[in-house]
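All ligand and atom numbering here is 1-based and tracks the order in the structure. Counting begins at 1 with the first residue of the sequence.
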Amino acid sequence: MQSVRRVAVIGGNRIPFARSNSRYAHASNADMLGAALDGLVARFGLAGQRVGEVVAGAVLKHSRDFNLTREVVLGSRLDPHTPAYDIQQACGTGLEAAILVANKIALGQIEVGIAGGVDTTSDAPLAVNEDLRRTLIQLNSARTLGERLKLAAKLRPLQPFKPEIPRNAEPRTGLSMGEHAAKTALRWNVDRQAQDELALRSHQRLAAAYEKGFFDDLMTPYLGLTRDQNLRADTSLEKLGSLKPVFGAKGPDAERATMTAGNSSPLTDGASTVLLASEEWAREHHLPVLAWFSWSETAAVDFVHGDEGLLMAPAYAVPRMLARAGLALQDFDYYEIHEAFASQVLATLAAWESPEFCKERLGLDAPLGSIDRDKLNVNGSSLAAGHPFAATGGRIVATLAKLLDQKGSGRGLISICAAGGQGVTAILER
Ligand SMILES: CC(=O)CC(=O)SCCNC(=O)CCNC(=O)[C@H](O)C(C)(C)COP(=O)(O)OP(=O)(O)OC[C@H]1O[C@@H](n2cnc3c(N)ncnc32)[C@H](O)[C@@H]1OP(=O)(O)O
């Protein structure tokens, strides 16, 4: 059995993120992931090379995209002998892909790998209703004219052919991510002002990062976009404060609704990729190491039978990871907490500060405590950049690795909430 090896983050490449039904309206998942991968291959001189594995995924995928990642690799300049496959862990997909690749490198199973993710809400897979779908499948395999006529006769009463549009909702509750987050915001008394301030900071910091050229070697322009399209450098607390609540805005608690289009991440299209490798591979290829991928943890909460918030799993994953790593919540120079909603970031921070939550839910004698907010999402996050579900993990890993490289030393925490009541977290070090 080989001992565990250090895993290097070499770099990343993504395309600018676009607002849904806008600049990338006619691009497919394969087009966008292909563009992000092509940029990575070009930047790190990987053309013609056989990479250990490429692992990526999409949350919303057409049924024809059996193995989207492999198809993208076959269309890329990588050696076609590069194995590639899809995984899916909702909004944690990109980070979970990086964890999978990192673990294979750590165990000596591969020397180098690429993790990625892509999503489009502009090209979402539509399905026809269940009866119609089954009848069409049977019709396709019917052997005799009689069988076909019998099945065709069944089709008429199934009119209209109403498509099933995938909803951004939990199958077991029927509630959208935003509606779940609104319930959590009430539970944690997260106020509107704090959410709008977090959103404003996200836009200001992302804009400042662009101005400094931070993304110059992390991004390839695509279809005319050179910056994330959702970024509103000119937004203000006044503008944000004037927006009407959209989640939790109906029902008995409507008066207390606080979540708006401004403090919720928008529906977004985009793709990202990250290059991970063993120390030896990096040295042999003369590629500098940005950061080391050191710890990870995935947790799940019972939001169906219990009272845990759908997007609160990172509140459980992080302390478990800290305990294994022998670290405190304050031992970090950067915190990258994915901003699905400002309220979910603030509820997570409130949970870590709560003596009751930490004792009753985490079994800790003392709360994890608060973090220095100046170290949180220092170059903006999903509220400003947008959130193409599976692509967010790659954006965050590459951003944090570069921040640590620029600082020269330090440690960063990644926390991503995901649908299904799951949370994916990791630690990068330099
Ligand atoms: C999936 C997982 O596994 C885990 C997760 O991450 S959960 C998160 C998943 N993602 C989501 O659930 C997406 C949530 N977001 C949405 O559904 C939609 O973006 C939304 C319903 C919140 C808003 O949709 P919309 O109404 O089409 O947004 P949009 O038209 O852009 O904005 C509405 C208004 O607010 C304004 N606005 C939005 N952001 C603003 C800002 N930062 N500053 C100023 N104004 C802003 C817009 O200009 C617009 O104003 P007008 O009506 O005057 O044009």
Side-chain angles (χ1 to χ4, degrees), residues 17-22 57-60 88-96 117 119-122 124 165-171 175-185 195-207 228-250 257-270 298 300-301 303 309-314 337-345 347-348 380-393 395-396 415-424:
F17 293 166
R19 294 181 69 78
S20 181
N21 281 315
S22 181
V59 175
L60 294 175
Q88 211 270 38
Q89 165 59 306
C91 298
T93 299
L95 181 56
E96 201 73 69
D119 257 296
T120 166
T121 46
S122 308
I165 298 168
R167 274 193 71 220
N168 186 9
E170 277 298 326
L175 297 180
S176 71
M177 305 288 124
E179 285 157 349
H180 270 285
K183 283 168 58 163
T184 306
Q195 293 176 54
D196 288 350
E197 283 171 6
L198 193 93
L200 179 67
R201 264 200 308 276
S202 190
H203 285 275
Q204 289 172 337
R205 289 175 173 182
L206 184 67
D228 302 313
Q229 199 184 7
N230 184 59
L231 172 58
R232 294 168 193 253
D234 63 345
T235 193
S236 65
L237 269 188
E238 290 67 40
K239 277 188 201 162
L240 285 161
S242 69
L243 301 176
K244 285 204 180 73
V246 283
F247 297 118
K250 289 187 191 130
T258 52
M259 294 175 54
T260 68
N263 59 39
S264 306
S265 63
L267 295 169
T268 314
D269 305 338
T298 300
V301 292
F303 66 98
L310 175 78
L311 302 177
M312 291 298 280
I337 304 185
H338 155 53
E339 299 167 340
F341 304 97
S343 66
Q344 142 271 323
V345 175
T348 302
S381 184
S382 310
L383 288 172
H387 173 40
F389 314 125
T392 287
R395 172 186 69 73
I396 293 180
S415 163
I416 300 182
C417 58
Q422 306 204 71
V424 190

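- Counting protein heavy atoms under 4.0 angstrom from atom 32 (O) of ligand 1 gives one or more.
- Among the candidates Ser264, Ser202, Ser382, the single residue satisfying the side-chain hydrogen bond (donor to acceptor under 3.5 Å, both in side chains) test with Glu339 is Ser202.
- Below 4.0 Å from some heavy atom of His203 lie the following atoms of ligand 1, by number and element: 42 (N).
- For ligand 1, the polar-atom distance check against Thr260 finds no nitrogen or oxygen pair separated by under 3.5 Å.
- Atom 49 (C) of ligand 1 lies below 4.0 Å from none of the non-hydrogen atoms of the protein.
- Listed by number with element, the atoms of ligand 1 under 4.0 Å from a non-hydrogen atom of Gly262 are 39 (N), 40 (C).
- Counting heavy atoms of neighbouring residues, nucleotides and ligands inside a 6.0 Å radius, atom NZ of Lys239 exceeds 12 of them.
- A heavy-atom distance below 4.5 Å is not found between the side chains of Leu198 and Asn263.
- For the atom pair Ile416 CD1 and Thr298 OG1, the distance stands at 10.0 Å (nearest 0.5 Å).
- Ranking the protein heavy atoms by distance from atom 38 (C) of ligand 1 puts Arg232 NH2, 3.4 Å first.
- Residue contact annotation: Ala199 has no non-hydrogen atom under 4.0 Å from ligand 1.
- At least one heavy atom of Arg19 sits less than 4.0 Å from an atom of ligand 1.
- Close approach to Ala90 involves these atoms of ligand 1, each under 4.0 Å from a residue heavy atom: 3 (O).
- Across Ala257 and Pro245, no two heavy atoms sit closer than the pair O-CG, 3.5 Å.
- When every heavy atom of Pro388 is checked against every heavy atom of Gly270, the shortest pair comes out as CB-N, 3.4 Å.
- Side chains of His180 and Leu175 form a contact here, defined as non-hydrogen atoms less than 4.5 Å apart.
- Under the 4.5 Å side-chain criterion, counting only non-hydrogen atoms from C-beta, Thr184 is not in contact with Leu311.
- Every N/O-N/O distance between Pro266 and ligand 1 stays at or above 3.5 Å.
- The shortest distance between side-chain heavy atoms of His203 and Asn230 falls below 4.5 Å.
- Between Ser265 and ligand 1, an N or O atom pair is found at a separation short of 3.5 Å.
- Within 4.0 Å of atom 46 (C) of ligand 1, at least one protein heavy atom is present.
- Looking only at atom types and distance, the side chain of Thr121 has a donor-acceptor partner in the side chain of Ser20 under 3.5 Å away.
- Counting atoms of ligand 1 from 1 in the listed order, those under 4.0 Å from a heavy atom of Leu240 are 41 (C), 42 (N), 43 (N).
- Geometrically, ligand 1 and Leu243 share no nitrogen or oxygen pair separated by less than 3.5 Å.
- Of all non-hydrogen atoms in Cys91 and Cys417, the two that sit nearest each other are CB-O, 3.5 Å.
- Ligand 1 has no atom lying under 4.0 Å from any heavy atom of Met259.
- The protein reaches atom 12 (O) of ligand 1 closely, with a heavy atom under 4.0 angstrom from it.
- A donor-acceptor pair is defined here as one N or O able to donate and one able to accept, closer than 3.5 Å; such a pair exists between the side chain of Gln88 and the backbone of Ala90.
- When each atom of ligand 1 is checked for a heavy atom of Ala419 under 4.0 Å away, the hits are 2 (C), 3 (O), 4 (C).
- Using a 4.5 Å cut-off on side-chain heavy atoms (C-beta onward), Met177 and Glu170 make contact.
- Among all protein heavy atoms, the one lying closest to atom 5 (C) of ligand 1 is Cys91 SG, 3.1 Å.
- Residue-to-ligand polar distances keep Ser264 apart from ligand 1: every N/O pair is separated by 3.5 Å or more.
- For His338, the closest heavy-atom approach to ligand 1 falls below 4.0 Å.
- Put simply, the side chain of Val59 reaches to within 4.5 Å of the side chain of Thr93, judged on heavy atoms.
- Between Phe341 and Ser265, the shortest heavy-atom contact is CD2-N, 4.5 Å.
- Ranking the protein heavy atoms by distance from atom 6 (O) of ligand 1 puts His387 NE2, 2.8 Å first.
- Nearest protein heavy-atom contact of atom 17 (O) of ligand 1 is Phe247 CZ, 3.9 Å.
- By the criterion of a heavy-atom distance under 4.0 Å, neither the backbone nor the side chain of Val59 is placed next to ligand 1.
- Protein heavy atoms are absent from the 4.0 Å sphere centred on atom 27 (O) of ligand 1.
- At a distance under 4.0 Å, no protein heavy atom can be found next to atom 54 (O) of ligand 1.
- Evaluated by nearest non-hydrogen atom to atom 34 (C) of ligand 1, the leading choice among Ala340, Pro245, Ser22, Ala261 is Ala261.
- With hydrogens and angles left out, the side-chain atoms of Arg205 and Ser381 include no donor and acceptor closer than 3.5 Å.
- Remark: minimum distance from atom 9 (C) of ligand 1 to any protein heavy atom is reached at Phe389 CE2, 3.7 Å.
- At the top of the distance list for atom 43 (N) of ligand 1, counting protein heavy atoms only, stands Thr235 OG1, 2.6 Å.
- Close approach to Cys417 involves these atoms of ligand 1, each under 4.0 Å from a residue heavy atom: 4 (C).
- Considering each of Asp234, Leu267, Val246, Asp196, the one bringing a non-hydrogen atom nearest atom 18 (C) of ligand 1 is Leu267.
- Contact detail for Gly92 and Ala418: the closest heavy-atom pair is N-CB, 3.8 Å.
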